[in-house]
Amino acid sequence: MLLTEIDHVAIAVRDLEAAIDYYQRAFGAEVEHREIVENDGVEEALLKVAESYIQLLTPTRDDSPVARAIDKRGEGLHHVGYRVDDCAAALAAMIAAGATPIDKAPRPGSRNTTVAFIHPKGSFGTLIELVQESGPAH
Ligand code: CO
């Protein structure tokens with residue numbers, strides 16, 4: 001089994017502050033990490049749940065993929081991040097199983113992770129992100 005944990009469930013929202021406030025009031029959730037990822041045009045807030053995260057995600061610019069997703073489908077579940085020990089090996093296994101990769105090779109993600117996205121088409125309608133917690137060796 002290549003997956004070691006559900007890394008995060010990512011939820012696209014229009015108003016990040018309002019979403020954080022809601023999760024805080026409803027669950028007592030606290031923001032463990034917050035980051036703007038310029039390449040992806042998103043700001044994220046990670047709320048820790050055991051060894052996993054809820055990732056609240058908002059676009060930082062109109063042309064970001066998350067902005068387009070919200071325009072098209074509204075707010076809500078955007079992708080599921082599966083934690084793996086070796087992102088490249090998991091990506092290769094997915095491609096061998098017939099998946100359509102968005103990232104042809106692993107790339108840097110937030111909080112020093114290494115990630116690769118898989119297109120929902122061919123994966124039963126779910127945008128999948130493979131997440132390796134350590135960054136590539138320097
Ligand atoms: Co993610």
Side-chain angles (χ1 to χ4, degrees):
M1 173 59 165
L2 296 181
L3 308 183
T4 61
E5 186 72 74
I6 305 294
D7 188 80
H8 60 277
V9 172
I11 299 165
V13 302
R14 289 197 175 88
D15 184 338
L16 187 60
E17 305 309 326
I20 291 168
D21 179 64
Y22 175 69
Y23 274 79
Q24 280 175 337
R25 284 184 297 107
F27 301 123
E30 284 179 22
V31 175
E32 171 157 310
H33 180 82
R34 206 167 157 153
E35 184 170 339
I36 293 172
V37 185
E38 276 304 341
N39 281 345
D40 295 334
V42 299
E43 180 171 6
E44 68 175 42
L46 291 173
L47 313 176
K48 200 160 191 199
V49 182
E51 297 306 315
S52 302
Y53 298 96
I54 298 163
Q55 180 186 70
L56 302 173
L57 203 54
T58 201
T60 56
R61 51 175 195 266
D62 290 342
D63 66 344
S64 92
V66 172
R68 289 200 299 270
I70 290 175
D71 284 345
K72 215 165 140 187
R73 297 188 298 275
E75 295 177 300
L77 187 61
H78 184 262
H79 66 273
V80 178
Y82 294 139
R83 196 175 300 157
V84 296
D85 287 331
D86 183 337
C87 190
L91 178 61
M94 287 205 73
I95 292 169
T100 304
I102 294 172
D103 296 304
K104 306 272 186 257
R107 63 180 178 85
S110 67
R111 64 187 160 103
N112 196 36
T113 58
T114 300
V115 304
F117 280 89
I118 308 297
H119 203 281
K121 196 190 270 184
S123 291
F124 297 86
T126 303
L127 176 59
I128 293 173
E129 179 183 12
L130 301 169
V131 183
Q132 180 184 331
E133 282 205 300
S134 52
H138 294 290

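All figures in this text were calculated on a predicted structure; none of them were measured in a lab. Both ligands and their constituent atoms are indexed starting at 1 by order of listing.
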Report summary line: Tracing side-chain contacts under 4.5 Å among Ile, Leu, Val, Met, Phe, Trp and Tyr outward from L46 reaches Y53

Requested in this report: Under 2.8 Å from the Co ion (ligand 1), how many protein N/O/S atoms do you get? Just the number, please.
Outcome: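 Counting protein N, O and S atoms closer than 2.8 Å to the Co ion (ligand 1) gives 3.
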
**Report entry** Backbone N/O of A10 and side chain of H8: donor-acceptor pair under 3.5 Å
**Finding:**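 Looks like no, no N/O pair under 3.5 Å.
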
Query - Side-chain touch V9/I54, heavy atoms, less than 4.5 angstrom - result: no

Query - C87 versus Q132, closest heavy-atom pair with distance - result: N-OE1, 2.8 Å

Query raised in the report: Could you go step by step and tell me if R107 and N39 meet the side-chain contact (heavy atoms from CB on, under 4.5 Å) rule?
Result: CA-CA 11 Å; R107 63 180 178 85; N39 281 345; 5.5 Å; no

Report task. Only one of H33, E129, E44, H78 passes side-chain hydrogen bond (donor to acceptor under 3.5 Å, both in side chains) with Q55; say which it is. Result ->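 Single pass found, and it is E44.
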
